[in-house]
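See below for the structure under consideration.
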Amino acid sequence: MKELLFAAYSLDIGGIEKSLVTLTNYLQKRGYQITIILEKKQGIFLKELNKDIKVIEYRPDESKNILKRKAKNLVKRFKFMIKYKNKFDFSASFATYSIVASFISRVASKNSCLWGHADYYTLFGNDKVKMKKFFKKINYNKFKHVIFVSKEGKSSFLNIFPEMKEKTLVCNNLIDSKKIKKLAEEKVNEKKDEGITTFINVGRHDEKQKKLTRIIEVAKRLKMNGYRFKMLWIGDGPDSNFYKEEIRKNKLQENIELLGRKQNPYPYFKISDCVILTSDYEGYPVVFLESFILN
């Protein structure tokens, strides 16, 4: 039985985390032995993993004392290397940004890969220097392969790192359509309001990428022109309070409903007419596939 390792930050709600759970569950059911190592063993998706998937926490020391922090982390890395050096048939640093995941993956297997979830050139504002600095920090060139979830992400990466062409692949995110359709049947308190158009947005509240102020601007225009509509927002994030204030300031409380995090957002798709995605950039947005599955 082949042993596979995936390293990430946590299993809190998010597209990367959901993709990791779907992928590892799929592989485990097909006979692979799966280990997931997280910087923080926490998150709502933990309980969605198949029971035979092993989850380990590798939490780096975060002491404010620099010397103490470096010493403790050096010992921790040394112990990890003794225990897991090339133990796995395959390993993946699934959370691209995680330096810890990069270290874990490269130590755990000679057959290691770095997983990319975005068009990083766009993410870094078309700044080649910033993009190069990011990938060098996670030792991109020491992985056997770099995997992107979309052709656009791969193309963007190779424009900056053309020497990686033979090592770079595309593997779209997997999605469990049967499970999504089943979960969509769950009952929720919100009802479909007949006679008005209902929109839904699902995602992190992060203005830099998600640009949810675009939805607020649209809502202002629709209300000004007398349209009857509702917008359901599922998710939270660093800019949640900012959005709440903008909604209040523009008197849109009756039109935009903030529902917070939902482990199961799919019943809300069923009471909505349209899905809105306003991001400046995405990797391979799972919400698109979910909306197709749920019509």
Side-chain angles (χ1 to χ4, degrees), residues 12-19 21-22 44-45 48 117-118 149-150 173-295:
D12 281 326
I13 284 180
I16 291 175
E17 293 76 13
K18 184 184 289 185
S19 299
V21 170
T22 303
I44 203 165
F45 285 140
E48 290 198 14
H117 298 272
V149 299
S150 70
N173 289 325
L174 297 187
I175 193 160
D176 189 337
S177 59
K178 289 181 180 178
K179 183 178 180 181
I180 288 171
K181 288 176 180 177
K182 183 179 179 181
L183 288 171
E185 299 303 320
E186 185 180 298
K187 301 299 180 185
V188 291
N189 293 328
E190 285 76 8
K191 304 293 182 186
K192 169 69 176 145
D193 289 329
E194 300 302 331
I196 75 168
T197 303
T198 302
F199 301 89
I200 185 171
N201 173 267
V202 182
R204 188 175 70 258
H205 292 179
D206 176 1
E207 182 61 16
K208 182 182 176 183
Q209 178 184 358
K210 304 297 184 180
K211 290 289 189 292
L212 299 185
T213 48
R214 290 170 173 162
I215 301 179
I216 295 172
E217 286 300 315
V218 168
K220 284 163 57 179
R221 296 189 193 188
L222 291 175
K223 184 175 181 180
M224 184 175 63
N225 288 302
Y227 288 99
R228 298 183 65 220
F229 67 96
K230 181 189 284 187
M231 295 175 167
L232 306 177
W233 287 21
I234 294 177
D236 62 11
D239 292 322
S240 290
N241 289 332
F242 166 69
Y243 292 134
K244 285 178 186 176
E245 179 58 24
E246 287 297 301
I247 290 165
R248 186 201 63 78
K249 191 167 64 179
N250 290 287
K251 298 181 173 61
L252 293 168
Q253 296 95 323
E254 292 184 9
N255 302 102
I256 300 178
E257 192 174 347
L258 302 179
L259 300 176
R261 289 187 177 201
K262 299 289 181 185
Q263 185 176 355
N264 178 14
Y266 306 119
Y268 300 93
F269 282 81
K270 292 201 75 175
I271 61 172
S272 302
D273 301 292
C274 308
V275 174
I276 308 175
L277 184 63
T278 57
S279 305
D280 259 2
Y281 54 89
E282 289 284 349
Y284 190 74
V286 173
V287 71
F288 266 178
L289 300 181
E290 293 169 340
S291 65
F292 297 154
I293 289 166
L294 297 172
N295 295 314

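All values derive from a computational prediction rather than experimental measurement.
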For H205 and G235, which heavy atoms make the closest approach, and how far apart are they?
CE1-O, 3.2 Å

Quick one: do I271 and T198 satisfy side-chain contact (heavy atoms from CB on, under 4.5 Å)? Show the steps, please.
CA-CA 7 Å; I271 61 172; T198 302; 5.5 Å; no

Just one of R221, R214, K220 clears the side chain to side chain donor-acceptor pair (under 3.5 Å) bar with E217, so which one?
K220

Does Y227 reach the side chain of T197, with side-chain heavy atoms less than 4.5 Å apart?
no

Judged by atom type as modelled, is there a donor-acceptor pair below 3.5 Å linking the side chain of T278 to the main-chain atoms of K210?
yes

If you draw a 6.0 Å radius around NZ in K192, do more than 12 non-hydrogen atoms from other residues or ligands fall strictly inside?
yes

Is the CD atom of E254 crowded by more than 12 outside heavy atoms at less than 6.0 Å?
no

Short question: side chain of K223, backbone of K251 - any donor-acceptor pair under 3.5 Å?
yes

Residues E290, K18: salt bridge by 4.0 Å N-O rule:
yes

Kindly give the heavy-atom pair with the smallest separation between R204 and P238, and that separation in Å.
CG-CD, 4.5 Å

Rounded to the nearest 0.5 Å, how far apart are CG of L212 and CG of D239?
8.5 Å

Please lay out, stage by stage, how K270 and V188 fare under the test side-chain contact (heavy atoms from CB on, under 4.5 Å).
CA-CA 11 Å; K270 292 201 75 175; V188 291; over 6 Å; no

Can K208 and D280 be counted as an ion pair, charged N to O under 4.0 angstrom?
no

Mind checking the NZ-CG spacing from K191 to N189? Nearest 0.5 Å is all I need.
7.5 Å

NE2 (H117) and OG (S150) are apart, to the nearest 0.5 Å, by 11.0 Å

Which heavy-atom pair separates M231 from V218 by the least distance, and what is that distance?
CE-CG1, 4.3 Å

I'd like to check I247 versus K244 (side-chain heavy atoms, cut-off strictly below 4.5 Å). Are they in contact?
no

So, for I13 and F45, which heavy atoms are closest and what is the spacing to 0.1 Å?
CA-CE1, 3.7 Å

Can you tell me how far the CZ atom of F242 sits from the CD atom of E207, to the nearest 0.5 Å?
5.5 Å

Audit row: E48, K179, salt bridge (Lys or Arg N to Asp or Glu O under 4.0 Å) steps and yes/no:
CA-CA 11 Å; E48 290 198 14; K179 183 178 180 181; 3.3 Å; yes

When you measure from the side chain of N201 to the backbone of I276, do you find a donor-acceptor pair of N or O atoms at a distance under 3.5 Å?
yes

To the nearest 0.5 Å, atom CG of L294 lies from atom CG of L289 at 11.0 Å

Is the shortest heavy-atom distance from the side chain of F269 to the side chain of V287 under 4.5 Å?
yes

I'd like to know if the side chain of T22 and the backbone of S19 have a donor-acceptor N/O pair within less than 3.5 Å.
no

Examine distances only and state if a side-chain atom of Q209 and a backbone atom of E282 form a donor-acceptor pair shorter than 3.5 Å.
no

Closest non-hydrogen atom pair between L232 and L259, with its separation:
CB-CD1, 4.2 Å

Distance check, rounded to the nearest 0.5 Å: L252 atom CG versus I215 atom CD1?
11.5 Å

Side chains of T213 and Y243, heavy atoms from C-beta outward: is any pair under 4.5 Å?
yes

Check whether N264 reaches the backbone of L183 with its side chain - one donor and one acceptor, N or O, closer than 3.5 Å.
yes

